[in-house]
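As structure tokens, the structure follows; a few thoughts come after it.
Along the sequence shown, the residues carry numbers beginning at 1.
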Amino acid sequence: MLSESEAITKLIDFLDENFYEAVQRIYETKGRLIVTGIGKSAIIAQKMVATFNSTGTPSMFLHASEAIHGDLGMIQNDDIIICISKSGNSPEIKVLVPLLKRFGNTLIAITGNVTSFLAKGSDYVLNTTVDMEACPINLAPTNSTTAQLVMGDALAVCLMEMRDFKPEDFAVYHPGGALGKKLLLRVKDMIEHSLKPMVTADTSIKKAIFEISEKRLGVTAVLEDEKIIGIITDGDIRRMLNDRDSIADLTAKDIMTKNPKMVSSETMAVDALNILEDYSITQLIVSDEGTYKGVLHLHDILKEGII
């Protein structure tokens, strides 16, 4: 681990005008970014493509050995090509580079050999030279592939900053899973089909209990002139029963909690979750400009897999 971290640290000294200009060309292109390589470098290329695509740079993977058997057809005029190779002199690379240059596309090399065939045939060279591999026999790609990966990440991060790439942009490319839901899911998405427990201020406690039980959300809103003036939770009911022997003369307004915690339907689900956690509660009243929309329960958030 120390060997690989030291190899990465040394990459900083290799950043020069080539890196700056390569980033600028990728940023300005109207085409896509094609990333190619062979062997372990091809695997790194696939990860780079995944990172570029998810951060706003349209990219495609091209396997170097498949390129000369028909896959060159995926390259379009405005595309920029990144070719990854530690040695830059493998037989496949020597065949591929002249073919890539024939199309007139900008070629960016990520290589550990700046005097290699690949480097000499490229428009820009990103140096990922390592002193040795972490492998005990100095053969298996370890430090070198990590250096390639880090160089790709550096390109992606610079492009994100140039595009002012924001969390909401990231969410567009990650709509599925917990991550996408954290960035996209709103309260309205979780209460669309939920019940709306409600009673009026003068509703009897018996009917209020029935409303809470029937709607099965552990709470009911208390409304007066269609405005929310409070809530009654199952906790309020338990405390009332502990304090009183008779409830016949009580109404909703007698035991309700005034000024309940509320959110709008446009509130992000993750923000609503933070409110629930901050106040150690399990329900939130949802209200849009004073109009009662429903109840958000902690279980609704749990079901979505956000936490």
Ion pair check, Lys10 and Asp13, cut-off under 4.0 Å: no
Donor-acceptor pair, side chain of Thr29 and main chain of Arg25, under 3.5 angstrom: no
Under the criterion salt bridge (charged side-chain N to carboxylate O under 4.0 Å, His left out), I'd like the reasoning laid out for Asp288 against Lys188: C-alpha separation, chi angles, the key distance, then a yes or no. CA-CA 10 Å; Asp288 288 346; Lys188 65 181 180 182; over 6 Å; no
Shortest non-hydrogen contact from Ile247 toward Met240: CG2-CE, 3.8 Å
Side-chain ion pair, Asp153 and Lys47, N-O less than 4.0 Å: yes
Any non-hydrogen side-chain atom of Thr251 less than 4.5 Å from a side-chain atom of Thr200? no
Have Thr146 and Glu4 got a donor and an acceptor in their side chains that come within less than 3.5 Å? yes
Output for pair (Phe19 CZ, Leu11 CG), nearest 0.5 Å, gives 10.5 Å
Where do Ala147 and Thr128 come nearest, in terms of heavy atoms and distance? O-CG2, 3.8 Å
Other residues, nucleotides, ligands: >12 heavy atoms within 6.0 Å of Tyr20 OH: no
Quick one: do Arg239 and Asp236 satisfy salt bridge (charged side-chain N to carboxylate O under 4.0 Å, His left out)? Show the steps, please. CA-CA 5 Å; Arg239 285 187 290 273; Asp236 294 325; 2.7 Å; yes
Given side chain to side chain contact (heavy atoms under 4.5 Å, CB included), test Leu296 with Gln283 step by step and report yes or no. CA-CA 6 Å; Leu296 176 68; Gln283 304 103 337; over 6 Å; no
Over all heavy atoms of both residues, which pair between Gly56 and Pro58 is shortest? Give the atoms and the distance, please. O-CD, 3.5 Å
Answer yes or no: is there a donor N or O on one side and an acceptor on the other, between the side chain of Glu133 and the main chain of Ser144, under 3.5 Å? yes
Lys215 (side chain) donor-acceptor with Thr220 (main chain) under 3.5 angstrom: no
Ile81 side, atom CD1; Leu100 side, atom CG - distance, nearest 0.5 Å: 4.5 Å
For the pair Leu126 and Ile82, evaluate side chain to side chain contact (heavy atoms under 4.5 Å, CB included) and give the outcome as yes or no after the intermediate values. CA-CA 10 Å; Leu126 307 186; Ile82 293 178; over 6 Å; no
If we check side-chain contact (heavy atoms from CB on, under 4.5 Å) with Leu118, which of these qualifies: Asn113, Leu96, Ile84, Val97? Val97
How far does CD of Glu161 sit from OG1 of Thr55, to the nearest 0.5 angstrom? 11.5 Å
Mind running side chain to side chain contact (heavy atoms under 4.5 Å, CB included) on Met151 and Leu15 for me, showing each step along the way? CA-CA 10 Å; Met151 189 63 75; Leu15 296 180; 4.1 Å; yes
If I compare all heavy atoms of Arg32 with all of Gln76, which pair ends up nearest, and what's the gap? NH2-CG, 3.4 Å
For Lys293, which residues count as a salt bridge (Lys or Arg N to Asp or Glu O under 4.0 Å) partner, sequence neighbours excluded? none
Lys196, NZ: over 12 other non-hydrogen atoms inside 6.0 angstrom: yes
Give a yes or no on this: more than 12 heavy atoms of other residues, nucleotides or ligands lie within 6.0 Å of atom CG of Asp278. yes
Got a second to check how far Glu214's CD is from Lys207's NZ, nearest 0.5 Å? 12.5 Å
Return yes if some donor-acceptor pair links the side-chain N/O of Arg186 with the main-chain N/O of Glu266 below 3.5 Å, else return no. yes
Nearest 0.5 Å, what's the CD1-OG1 distance between Ile110 and Thr36? 11.5 Å
Is there side-chain contact between Leu298 and Leu273, with heavy atoms separated by less than 4.5 Å? yes
With rounding to the nearest 0.5 Å, note down the distance linking CD1 in Ile43 to OG1 in Thr145. 9.0 Å
Donor-acceptor contact present, side-chain Asn18 to main-chain Tyr124, <3.5 Å: no
For atom NZ of Lys253, is the number of surrounding heavy atoms from other residues, nucleotides or ligands below 6.0 Å larger than 12? no
Sub-3.5 Å donor-acceptor pair from the side chain of Thr111 to the main-chain atoms of Val114, do we have one? no
Between Asn143 and Ile8, does the side chain to side chain contact (heavy atoms under 4.5 Å, CB included) criterion hold? Intermediate values first, please. CA-CA 8 Å; Asn143 288 0; Ile8 293 170; over 6 Å; no
Where is the tightest heavy-atom contact between Gln148 and Met48, given as atom of each residue plus distance? O-CE, 2.9 Å
Under 3.5 Å, is there a donor-acceptor pair between the side chain of Asp123 and the main chain of Leu107? yes
Describe, in one word, how the ring planes of His297 and His299 are oriented to each other, choosing from parallel (under 30°), tilted (30 to 60°) and perpendicular (over 60°). tilted
Tell me whether Leu276 shares a hydrophobic cluster with Leu185, the cluster being built from Ile, Leu, Val, Met, Phe, Trp, Tyr side chains joined at under 4.5 Å. yes
When you measure from the side chain of Asn53 to the backbone N and O of Ala50, does any donor-acceptor pair fall under 3.5 Å? no
Please determine whether residues Ile68 and Leu62 belong to a single hydrophobic cluster, defined as Ile, Leu, Val, Met, Phe, Trp and Tyr linked transitively by side-chain heavy-atom distances below 4.5 Å. yes
With no hydrogens and no angle check, just 3.5 Å: does a side-chain donor-acceptor pair link Thr129 and Asn127? yes
Same apolar cluster: Val199 and Ile228, side chain cutoff 4.5 Å: no
Taking all non-hydrogen atoms of both residues, which atom of Lys101 and which atom of Gly121 are closest, and how far apart? CD-O, 3.3 Å
Donor-acceptor contact present, side-chain Ser122 to main-chain Val125, <3.5 Å: no
Do Phe117 and Val95 land in one hydrophobic cluster if side-chain heavy atoms of ILVMFWY residues count as linked below 4.5 Å? yes
Are the side chains of Ile38 and His63 in touch, meaning some heavy atoms are under 4.5 Å apart? yes
For Asn105 and Asn77, indicate whether the former's side chain and the latter's backbone hold a donor-acceptor pair under 3.5 Å. yes
Group every Ile, Leu, Val, Met, Phe, Trp and Tyr by side-chain heavy-atom contacts under 4.5 Å, then state whether Val295 and Leu223 land in the same group. yes
Are a donor atom and an acceptor atom from the side chains of Arg163 and Thr57 found within less than 3.5 Å of each other? yes
Counting heavy atoms not belonging to Asp131, are there more than 12 under 6.0 Å from its CG? no
Take atom CG of Asp243 as the centre, draw a 6.0 Å sphere, and report whether it contains more than 12 heavy atoms from other residues, nucleotides or ligands. yes
